Protein chains: 2
Amino acid sequence: MKENTGKSKYVILGMLARMPLTGYTIKKWIENEYSHFWQESYGQIYPSLKKLVSEGLAVSSDNTGTGNGRGQIVYSITDAGRKELSDWLREEPEIEKLRYEILLKVSFGGNTEPEVLLGHLDDFIRRNEKLVKDMNGYMERFEALKVQGTDCTYSQLTALCGVYIYSAMRDWAVMAKEIISEKEVDLG
Amino acid sequence: MKENTGKSKYVILGMLARMPLTGYTIKKWIENEYSHFWQESYGQIYPSLKKLVSEGLAVSSDNTGTGNGRGQIVYSITDAGRKELSDWLREEPEIEKLRYEILLKVSFGGNTEPEVLLGHLDDFIRRNEKLVKDMNGYMERFEALKVQGTDCTYSQLTALCGVYIYSAMRDWAVMAKEIISEKEVDLG
DNA sequence: CCATAATATATCATTTAGATATATTGGTCA
DNA sequence: TGACCAATATATCTAAATGATATATTATGG
């Protein structure tokens with residue numbers, strides 16, 4: 001049996017702490033709301049869920065007849081699970097792991113034409129522009145919920161981080177384009 | 001034999017394109033200068049180097065007697081390797097993968113005391129503060145090289161990106177601390 | 001009522017990360 | 001001089017994470 005002592009376990013526990021979920025929903029949520037700082041694949045989620053149950057940190061309920069049910073398995077957190085989550089939250093977070101392929105390509109830019117990089121940077125700017133918009137959308141939605149009395153401070157903070165990250169990346173890319181273009185002019 | 005068609009191959013080619021290197025030096029360079037946007041482990045580097053040689057994209061020279069040589073294997077890129085690198089540079093970069101564990105913990109903050117988060121954020125701010133300084137140091141070093149006539153535009157751009165990312169993260173964390181503290185006051 | 005998109009679970013082959021084993025060399029300091 | 005430690009260097013193994021795919025059901029739109 002696989003060990004699976006990575007972070008996936010805690011992500012899932014954290015999500016189940018809010019409400020019971022299916023593996024599929026967990027995946028969708030991470031894609032939609034966490035994607036700017038975390039990602040998980042089905043290959044981790046489904047085995048992790050089984051492991052959580054076997055460790056007594058979650059329980060599974062077979063809801064074959066509920067509403068939109070298609071043999072879906074809904075998982076809920078246990079008290080032991082909450083304890084495990086709480087203990088992990090106290091531990092110092094590990095240093096973040098990033099893989100920005102565009103930076104790799106910029107770094108090796110001397111091995112291609114500047115136009116290639118400028119093209120990649122254009123795409124990158126457009127993408128980050130859109131992401132900033134998305135994150136601001138989340139911010140507003142959370143703000144509206146707050147007015148209604150639902151506290152979303154922590155979720156809102158992660159959206160805010162998205163705004164900061166994506167804005168910074170966009171600004172950098174704009175600056176990078178300028179510098180590369182100027183360099184071109186100097187040479188030509 | 002393993003397939004190994006990931007990105008490691010191209011990172012190594014990109015580095016060898018500048019100068020011949022040993023696996024160990026490649027690892028050190030990535031740790032020192034690329035760590036804010038990329039990481040590789042020995043478990044990828046050494047097998048990848050062998051694969052590059054077997055594919056004719058690099059050649060290895062056994063320098064057992066050179067200077068500080070301890071049976072070190074120096075790898076150089078071939079013309080085929082340069083072609084491969086150049087082709088890859090043209091491809092659209094993949095979407096970046098990030099894992100910010102601190103954001104996960106902030107997101108699940110409702111399951112612990114605010115003080116725990118504030119503590120993590122303090123560490124995070126300190127770390128990013130230092131990283132901004134480091135990146136600015138790199139910037140200056142590259143600027144000095146430029147004055148001497150050595151063109152480091154592309155490396156400098158990645159350092160600049162580091163400045164942007166780490167500054168943004170620090171600013172966000174400062175803001176996050178404020179918001180969490182205010183929330184505390186409101187409740188208390 | 002058919003096609004298609006979304007829901008849902010599951011697994012497999014790669015790819016990546018992290019830890020460790022091993023050995024040599026260079027420098028320090030008692 | 002030798003004892004010791006840090007840095008250099010190659011290599012491999014386990015575990016974790018990714019990406020792709022197989023399979024089936026249900027909801028909905030025309």
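First the proteins, then the strands, lettered A, B, ... as listed; each starts at 1. Everything numeric here is computed off the predicted structure, so don't read it as measured data.
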Distance-only donor-acceptor pairs under 3.5 Å for side chains of residues 13-26 of chain B, two or more places apart:
residue, atom, partner, partner atom, Å
B/T22, OG1, B/T25, N, 3.1
B/T22, OG1, B/T25, OG1, 2.5

To the nearest Å, give me how far apart [atom1] ([X]) and [atom2] ([N]) are.
{"X": "B/K9", "N": "C/dT16", "atom1": "NZ", "atom2": "C1'", "answer": "17 Å"}
{"X": "B/Q72", "N": "C/dA23", "atom1": "CD", "atom2": "C1'", "answer": "14 Å"}
{"X": "B/E96", "N": "D/dT18", "atom1": "CD", "atom2": "C1'", "answer": "16 Å"}
{"X": "A/K7", "N": "D/dA15", "atom1": "NZ", "atom2": "P", "answer": "16 Å"}
{"X": "B/I12", "N": "D/dT10", "atom1": "CD1", "atom2": "C1'", "answer": "14 Å"}
{"X": "B/I73", "N": "C/dT24", "atom1": "CD1", "atom2": "P", "answer": "15 Å"}

Legend entry - Crowding at CG, B/D79 (>12 non-hydrogen neighbours, <6.0 Å): no

Inset, instruction - Answer yes or no: are there more than 12 heavy-atom neighbours, outside A/I179 itself, under 6.0 Å from its atom CD1? - result: yes

Only counting residues at least two apart or in another chain, list the ones meeting side-chain hydrogen bond (donor to acceptor under 3.5 Å, both in side chains) with [X].
{"X": "A/E140", "answer": "none"}
{"X": "B/S41", "answer": "B/Q44"}
{"X": "B/E96", "answer": "A/R127"}
{"X": "A/D87", "answer": "A/K83"}

Name every donor-acceptor pair, under 3.5 Å, that has one atom in a side chain of residues 102-119 of chain A and the other anywhere in the protein, sequence neighbours excluded.
residue, atom, partner, partner atom, Å
A/K105, NZ, A/E101, OE2, 3.4
A/K105, NZ, B/W88, O, 2.8
A/K105, NZ, B/E91, O, 2.7
A/N111, ND2, A/F108, O, 3.1
A/E113, OE1, B/R90, NH1, 2.9
A/E113, OE1, B/R90, NH2, 2.9
A/E113, OE2, B/R90, NH2, 3.4

Inset, instruction - Check salt bridge (charged side-chain N to carboxylate O under 4.0 Å, His left out) between A/E31 and all other residues, then give those that pass, not counting sequence neighbours. - result: A/K27, A/K28

Inset, instruction - Using heavy atoms and a sub-4.0 Å distance, could you list which residues of residues 21-38 of chain A are near DNA chain D? By number, please. - result: none

With a cut-off of less than 4.0 Å, is there a side-chain N or O of [X] near OP1 or OP2 of [N]?
{"X": "B/Y46", "N": "D/dA11", "answer": "no"}
{"X": "B/R99", "N": "D/dA17", "answer": "yes"}
{"X": "B/K50", "N": "D/dT12", "answer": "yes"}

Between the protein and nucleotides 18-20 of chain C, which nitrogen or oxygen pairs come in under 3.5 angstrom?
residue, atom, partner, partner atom, Å
C/dG18, OP1, A/K97, NZ, 3.4

